[in-house]
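Here's the structure, in C-alpha cells; my notes come after.
Note on naming: letters A, B, ... go to the chains in the order of the sequence lines (proteins, then strands), and numbering restarts at 1 for each one.
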Amino acid sequence: MEKKTKRRDFLFTATYAVGAVGAGAVIWPMIDQMNPDASVKALASTEVDVSAVNPGKTITVLWRGKPVFIRRRTSEEIAEARSVKLEDLKHPEKDEDRAKNPEWLVMLGVCTHLGCVPLDQKGDYNGWFCPCHGSHYDTSGRIRKGPAPTNMEIPEYKFVDANTIKIG
Amino acid sequence: MSGHEYTPKSKVGKWFNDRLPLLTLANHLTDYPTPKNLNYWWTFGGILTFCLITQIVTGLVLAMHYIAHADMAFQSVEHIMRDVNYGWLIRYIHANGASMFFLAVYIHIFRSLFYGSYKSPREIIWIIGIIIYLLMMAAAFLGYVLPWGQMSFWGATVITNLFSAIPLVGEGIVTWLWGGYSVDNPTLTRFFTLHYLIPFLILGLVVLHIWALHVPGNNNPIGIDIKKPSKDTVPFHPYIVIKDGFALLMFMIVFAFFVFYTPNILGHADNYIEANPLITPAHIVPEWYLLPFYAILRSVPDKLLGVIAMLSAILILAALPWLDTSKIRSAVFRPLYKQFYWILVADVLILGYVGAMPAEGLYLLIARIATAYYFLHFLVVLPVLGFKERTTPVPLSITEPILGGSPNLATVKKKDSFKDQ
C-alpha cells in the first residue's frame, strides 16, 4: 500500500515538473518577443562631421533613437571641469576619463533620472539642467545636484579623423 | 434577495431559468436590498460604470480610425479630428472621459474613506477597487501615449524610466518595455495593444467588485450593520435606480460642459506638437489625476526612493482596512477622524497643486511636508486614532434616530418598538 502511494507521488511530481518546464518554454518566447528585435539591434553606428562646431557650441545627433550631445568646450569649461575634487561628486568620475580629447565632450543627452533631454548651458554648474525634475550637471556632464543618480553616459565613440566622430 | 427562491412567472421563463438562471440574477439585482439612507455620494458606483462603458464604446470607434505607428499616429489623430464624421466629438468624449472617470473614482474613494466602507467585512471590495484604480492609471497613461505628441512621448519616457530605478535588472526591464533603446515604434504598438486590453480587465474586476459588494451589502452613511431586508432597506429598483439615474444626469452635464465648451482645458498644448526625441518640453507634467503621486515622486531627492515612495503612496491604500484600527465605520461618529479626514483631503489637493508646479524652492518644500503628512496620516494617525478617539454614540438602526427622536444609544435601547423586526 505504502509503496503504491510513493509511486503515485513520484508520478505527480514528475508531471508537475514536466508541466512547469513546458509552461516556461511557452512563456519565454512570449516575454522575449518584447525585447529589441533584430532590426532595432542592427541600427548602424553614426558618423558625425563636427568641423562646423565652434568652441562653446553643442550639436545634438540622434543615435539609437537617443540624442547624443557633442560639445566643443571652451578652455574655461575644461578648467572648471578638471578643477573639481572627486570627493565633491555624487558619482565620482574624472573629467580626463570622460573627455579623452578635452575639447570634445561626447555623451548621451539623456538625464539619468527619468530620461528627459537636459537643456544646454543651464543650471547651477554651467553645464546642463534637466527641466523635468531639476537635475544639475556640470561642464563634464556629471551630476552635481538633483535626483539623478549618475553622470550622463559616455557612449562608445572614436575620432575617425580630425573632423569626424563615429558613435557606436 | 428576499430570502426565498425566485421562480419566473412564465413557462418559457421557467424553462430558460432552470437551464441558465439569468432571471434569478436579474431578480437579485432588482430586489437587492439597499440602505434607505444612502446619500448622493453613493451614486458614483453607477456613474463609474457609465464612465467605463463610455470609454470602451468611444475607444472601439477611435480604434477603427487610429493607426498605431510612430510615423502615422499623430497624423491619424488629426485625421480623426478633422476628417472622420463626428471624429472630433468621439475623441473629445474619450479624452475628457478619462478625466471624468478619475474625477468620479476620486469621489468614490474619498466617500469610502469618510464612511469607512473599506472596513470589515468589505476589505476585498476595497482591495479589488484599488486594483481597478491601478489599472485605470495604467490605461490612462498608455492611452495618453497614443496620439504621439510631445507630452505623449516624454510622458512615456519618464514613466517607463521609473523602472530603471530597480537595482540590477532595471535597465533590462526598461529596454524590454520599449522593445528598443528608446521609446519608439515598438513601444507605441504594444502600448496600443495593452491600452485596448486593460478596459476589459477592468470590466471583469468591476463584476467581482459588485459581486463582493452584494455579499455583505452596501455600507451606509451611519456605517452600521443593518438587517436585510427590513424597514431600513429599500429595493435597488426602482429607488436606487432612479436616484443613480438622476445623479448620472447631473454628472453628464459636467461631462458635456468639458466636451463642448473646454475640450482641451484638461489636456496640454504641447501634445499638439508631434513627438520629437531630441527636445524635451520645458515643463513636463502628467495629467491632473496623477499629479499628487508625481509630487511625491519629485519630493524625494533619490531616484529609487522616490519611485518607492510614489508606489507606496498608492499601495498603502490596500493596507488601509488594517491600518485603521477603529471599529466605528462612519466619520459621522468620529469627531477627531473627521478633522483628520479633511486635512488629508487638503493634503492631497496641495500635493496635486505642487505636482503641477516646478520642483524647486518653496514648492519643493511644500511637496516634502505634504508627502510626509500623507504617510503620517496612514501610518500613525489612523492606527493611533482607533485607540485614542472618543466616538459619539452610534444608533442601532437607520430608522431609530428619526422615529425615536434621539441618536443616543441609551435612549434608543429603551424604545423596543423601533427595533428591527
Side-chain angles (χ1 to χ4, degrees), chain A residues 28 30-46 58-70 90-91 108-120 122-124 128-136 143-150 153 155 167-168, chain B residues 70 150 153-165 167 170-187 189-190 193-194 275-286 294-295 297-307 310 358-361 363-364:
Chain A
W28 177 244
M30 298 312 231
I31 293 171
D32 192 43
Q33 54 84 21
M34 279 175 69
N35 273 318
D37 61 35
S39 73
V40 170
K41 281 183 185 161
L43 274 182
S45 52
T46 307
T58 306
I59 58 165
T60 307
V61 294
L62 205 60
W63 173 68
R64 282 182 154 186
K66 283 179 175 169
V68 175
F69 292 155
I70 302 176
K90 190 173 175 183
H91 176 198
L108 283 187
V110 176
C111 180
T112 56
H113 182 225
L114 294 173
C116 297
V117 180
L119 302 169
D120 204 355
K122 288 258 168 65
D124 298 352
W128 283 265
F129 172 71
C130 183
C132 293
H133 308 95
S135 292
H136 299 256
I143 179 66
R144 301 299 292 274
K145 197 171 125 186
T150 57
E153 204 181 315
I167 306 167
Chain B
Q150 272 291 67
F153 184 90
W154 291 102
T157 301
V158 167
I159 300 292
T160 47
N161 261 307
L162 292 177
F163 292 92
S164 72
E171 294 294 334
I173 291 176
V174 173
T175 305
W176 177 73
L177 288 171
W178 286 341
Y181 303 104
S182 62
V183 173
D184 210 332
N185 193 51
T187 325
T189 50
R190 67 189 55 178
T193 310
L194 294 173
N276 180 351
L278 290 180
I279 300 163
T280 306
H283 190 47
I284 291 197
V285 274
Y294 193 60
L297 169 76
R298 295 195 305 182
S299 71
V300 182
D302 180 86
K303 181 174 171 176
L304 179 60
L305 291 179
V307 173
M310 185 182 69
E360 50 200 35
Y363 294 125
L364 192 57

Counting neighbours of OH on B/Tyr363 that are heavy atoms of other residues, nucleotides or ligands and sit closer than 6.0 Å, is the number greater than 12?
no

Any side-chain heavy atom of A/His113 sitting closer than 4.5 Å to one from B/Val158?
no

Okay, side chain of B/Trp176, backbone of A/Ile31: is any donor-acceptor separation there less than 3.5 Å?
yes

B/Leu278/A/Val117 under side chain to side chain contact (heavy atoms under 4.5 Å, CB included): CA gap, chis, key distance, verdict
CA-CA 7 Å; B/Leu278 290 180; A/Val117 180; over 6 Å; no

State the CD1-OG1 distance between B/Ile279 and A/Thr60, to the nearest 0.5 angstrom.
8.5 Å

Is any side-chain heavy atom of B/Leu162 closer than 4.5 Å to a side-chain heavy atom of A/Leu114?
yes

Over all heavy atoms of both residues, which pair between A/Gln33 and B/Arg190 is shortest? Give the atoms and the distance, please.
O-NH2, 4.5 Å

Can you name the disulfide bond (SG atoms under 2.5 Å apart) partners of A/Cys132, sequence neighbours left out?
A/Cys116

State which residues pass side chain to side chain donor-acceptor pair (under 3.5 Å) with B/Thr175; sequence neighbours excluded, sorted by chain then number.
none

At a 4.5 Å cut-off on heavy atoms, which part of B/Tyr294 comes close to chain A: side chain, backbone, both, or neither?
side chain

Measure the shortest side-chain to side-chain distance between B/Lys303 and A/Pro147 over non-hydrogen atoms and say whether it is less than 4.5 angstrom.
no

Polar side-chain atom of A/Lys66 near backbone of B/Ser182 as donor-acceptor pair, under 3.5 Å:
no

On a heavy-atom basis, the closest approach of A/Gly65 and B/Pro277 is O-CB, 3.9 Å

B/Leu364 portion near chain A, given a 4.5 angstrom heavy-atom threshold:
neither

Which bit of B/Ser164 comes within less than 4.5 Å of chain A, counting heavy atoms only: side chain, backbone, both or neither?
side chain

So which part of A/Thr112 gets closer than 4.5 Å to some heavy atom of chain B, the side chain, the backbone, both or neither?
backbone

If you count heavy-atom pairs under 4.5 Å with chain A, which of B/Pro281, B/Pro358, B/Pro301 comes out on top?
B/Pro301

